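These notes concern the structure reproduced below.
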Protein chains: 2
Amino acid sequence: MAERGDRFRPPVRRRVHEGVAEQLRDAILDGALPAGSKLPPERVLAERFQVNRTSLREALKVLEGLGLIAVRQGDGATVLPAEEASLDLLGPMIFRDGRIDSAVLVDVIEVIQSLLLEMSRLAIERHRPEQLVEIRRLRDQIADSSLDREQRFAAGRDVIVELSDMTRNRVWQMLARKTRNLLASPPLVAARAQLDRDPCDVVPIIDRCTESIEACRPQAALDSLRAYVEYLSEMALSLRDHADSERVSKAVAS
Amino acid sequence: MAERGDRFRPPVRRRVHEGVAEQLRDAILDGALPAGSKLPPERVLAERFQVNRTSLREALKVLEGLGLIAVRQGDGATVLPAEEASLDLLGPMIFRDGRIDSAVLVDVIEVIQSLLLEMSRLAIERHRPEQLVEIRRLRDQIADSSLDREQRFAAGRDVIVELSDMTRNRVWQMLARKTRNLLASPPLVAARAQLDRDPCDVVPIIDRCTESIEACRPQAALDSLRAYVEYLSEMALSLRDHADSERVSKAVAS
DNA sequence: ATTGACAAATTGGTTGGACCAATGGATGAT
DNA sequence: ATCATCCATTGGTCCAACCAATTTGTCAAT
């Protein structure tokens with residue numbers, strides 16, 4: 001048999017904090033450390049792992065950087081929901097020191113657009129009835145004028161997450177949550193607030209979609225969702241234009 | 001104007017290593033620290049940031065966890081290509097202590113399938129002629145029987161990356177590189193090696209695709225790529241079956 | 001009983017220093 | 001020119017101490 005290329009692996013020097021971080025990470029992903037639970041104090045963990053507190057802290061920093069845990073002084077380290085974990089580098093790429101990088105934003109929107117469409121296809125195919133009820137609940141929440149405006153927008157974003165759950169695919173679920181968190185990030189929310197959109201805009205779209213699904217017309221349902229995605233994109237692009245005009249006015253002023 | 005929900009932000013305590021990590025991260029994403037360049041020694045950086053070496057190291061650990069830098073003892077910290085950065089948690093989710101979690105793998109493949117198709121649509125639409133040449137070069141490499149078997153498989157994976165470059169969308173480029181790195185990860189490569197596939201299987205598909213693009217038949221090109229994606233999926237799924245049968249035989253043995 | 005102020009215990013944050021270990025380049029013998 | 005050796009550089013780990021924020025418990029005032 002031919003020699004496999006990966007037969008000889010680079011002599012990975014196993015660093016202490018790597019071993020610790022890996023064990024903790026797996027414990028979290030396994031569910032042994034459920035979301036919301038607290039890690040033991042650093043000093044205790046260090047003792048238990050038989051490593052110095054410094055090394056243990058380096059491990060915690062890695063996990064914190066990945067968004068798996070949140071650490072607060074005086075309190076401890078709390079396990080975060082794994083699906084919510086880290087936006088990776090998309091966040092830093094889009095939000096260069098607080099301002100929106102409109103060029104990257106366009107790229108992101110383009111990808112999200114594709115993602116949502118493909119995801120929706122699966123969602124429509126695999127959904128369970130009770131999940132349709134959940135979508136309707138969110139729809140009512142969006143339309144409920146007694147609620148806080150931001151809450152209603154948040155419900156709109158949650159539609160994406162609910163759709164991902166309908167796919168019963170963990171990776172889609174992760175991506176959808178990352179997307180929702182991205183859309184919910186302060187710079188984007190603040191920018192959208194200035195556009196003065198109405199959360200209700202999407203309600204008729206959602207209605208058409210749910211009706212189509214119940215009528216077993218997947219193609220029609222997908223077309224409605226396409227409208228929803230395009231609505232999102234349109235909003236994002238007007239954000240871009242807004243950011244660009246701001247940049248221009250600043251450039252002129254200087 | 002209505003009160004915005006994010007008016008009051010949680011009093012974020014600014015930790016030293018956060019400030020350092022952020023500055024370094026932005027410097028990397030900005031290109032001020034280009035890929036391949038070396039960071040100054042920890043002791044020098046600590047001096048320059050006016051922080052203790054321990055705190056500086058915590059910052060480096062975060063960046064390393066995100067896959068932005070690689071640190072080697074005796075050598076220093078090297079900036080990695082930003083597009084190659086971190087597989088996030090997909091890797092750890094699929095490769096539970098070295099073995100392949102076939103359930104998650106199926107989810108991942110499903111998503112990748114959708115991603116590649118949507119990405120290819122853009123790639124076909126926006127490609128430049130010289131990029132088609134590059135695809136052909138990779139095709140020749142796959143077919144070149146004088147090369148190392150693994151090199152030829154690697155060329156096949158690089159096709160995905162080249163496609164992403166054709167989209168001229170940075171986010172697709174990131175996703176494609178993450179995908180390639182995922183496919184190139186040791187557990188998957190080792191498993192695939194046992195299937196004894198031939199790298200050349202995809203050559204006719206690529207040929208049909210490039211010919212269709214040159215003939216300005218985007219739909220035909222997309223259909224060929226669909227075949228490529230399905231080839232990848234099929235291979236992945238046989239990996240799953242292989243892993244499952246292994247698990248069964250182990251269960252029986254125990 | 002509720003509230004508020006205060007103190008103490010808990011817990012993470014930071015620092016300085018010391019020493020170990022790997023790398024890479026300089027040095028020198030062949 | 002080649003190779004082995006040595007050594008300066010650089011990251012890895014540990015230790016001990018102290019700072020700072022949070023939480024909790026206590027007690028007095030209302």
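Just so it is clear, the structure is predicted and the values come from calculations on it, not from any experiment. Excluded from the calculations below are hydrogen atoms, water molecules and symmetry mates; all remaining heavy atoms, backbone and side chain alike, are included.
For the segment residues 37-47 of chain A, residues with any heavy atom less than 4.0 angstrom from an atom of DNA chain D are, sorted by number, A:Arg43.
Using a 4.0 Å cut-off between a side-chain N of Lys or Arg and a carboxylate O of Asp or Glu, A:Asp144 and A:Arg152 do not qualify as a salt bridge.
If you measure from atom NE2 of A:His17 to atom C1' of D:dG11, you get 10 Å, rounded to the nearest angstrom. Atom CZ in B:Arg15 sits about 5 Å away from atom P in C:dG13, given to the nearest Å. Taking atom CZ of residue A:Phe49 and atom C1' of nucleotide D:dC14, one finds them 17 Å apart after rounding to whole Å. Spacing between atom CD of A:Gln73 and atom C1' of C:dG12 amounts to 5 Å, rounded to whole angstrom units. Rounded to whole Å, the distance from CD on A:Glu64 to P on C:dG13 is 7 Å. Rounded to an integer number of Å, the gap from CG of B:Leu60 to C1' of D:dT10 is 12 Å. Remark: P of D:dT13 and NZ of A:Lys61 are 16 Å apart, rounded to the nearest angstrom. At whole-Å resolution of the value, CG in A:Leu56 and P in D:dC14 are 11 Å apart.
When distances run from any side-chain atom of B:Val16 to the nucleotides C:dT14, C:dG13, D:dT13, the shortest one goes to C:dT14.
Heavy-atom distances to DNA chain D give each of A:Gln50 and A:Arg53 a nearest nucleotide, and the one nearer the 5′ end belongs to A:Gln50. Taking for each of A:Thr54 and A:Gly74 the nucleotide of DNA chain C with the nearest heavy atom, the 5'-most of the two is the partner of A:Gly74.
Listed by first then second residue, pairs satisfying side chain to side chain donor-acceptor pair (under 3.5 Å) with a partner in residues 33-47 of chain B read B:Lys38-B:Asp75, B:Glu42-B:Arg53, B:Glu42-B:Arg57, not counting sequence neighbours.
Of the inter-residue distances, the one linking B:Lys178 atom NZ with B:Ser164 atom OG reads 13.0 Å to the nearest 0.5 angstrom.
Remark: A:Arg15 pairs with A:Glu18, B:Glu64 by the salt bridge (charged side-chain N to carboxylate O under 4.0 Å, His left out) rule, at least two apart or across chains. Residues that satisfy the side-chain hydrogen bond (donor to acceptor under 3.5 Å, both in side chains) test with A:Glu162, not counting sequence neighbours, are absent from this structure. With sequence neighbours left out, B:Ile142 forms a side-chain contact (heavy atoms from CB on, under 4.5 Å) with B:Ala155, B:Val159, B:Pro199, B:Val202, B:Val203, B:Ile206. Scanning for side-chain hydrogen bond (donor to acceptor under 3.5 Å, both in side chains) contacts around B:Glu134 gives B:Arg137, with sequence neighbours left out.
The phosphate of C:dG13 has OP1 or OP2 within less than 4.0 Å of a side-chain N or O from A:Arg57. Between A:Asn52 and the phosphate of D:dC15, there is a side-chain N or O to OP1/OP2 separation shorter than 4.0 Å. Distances shown here put a side-chain N or O of A:Arg72 below 4.0 Å from the OP1 or OP2 atom of D:dT23.
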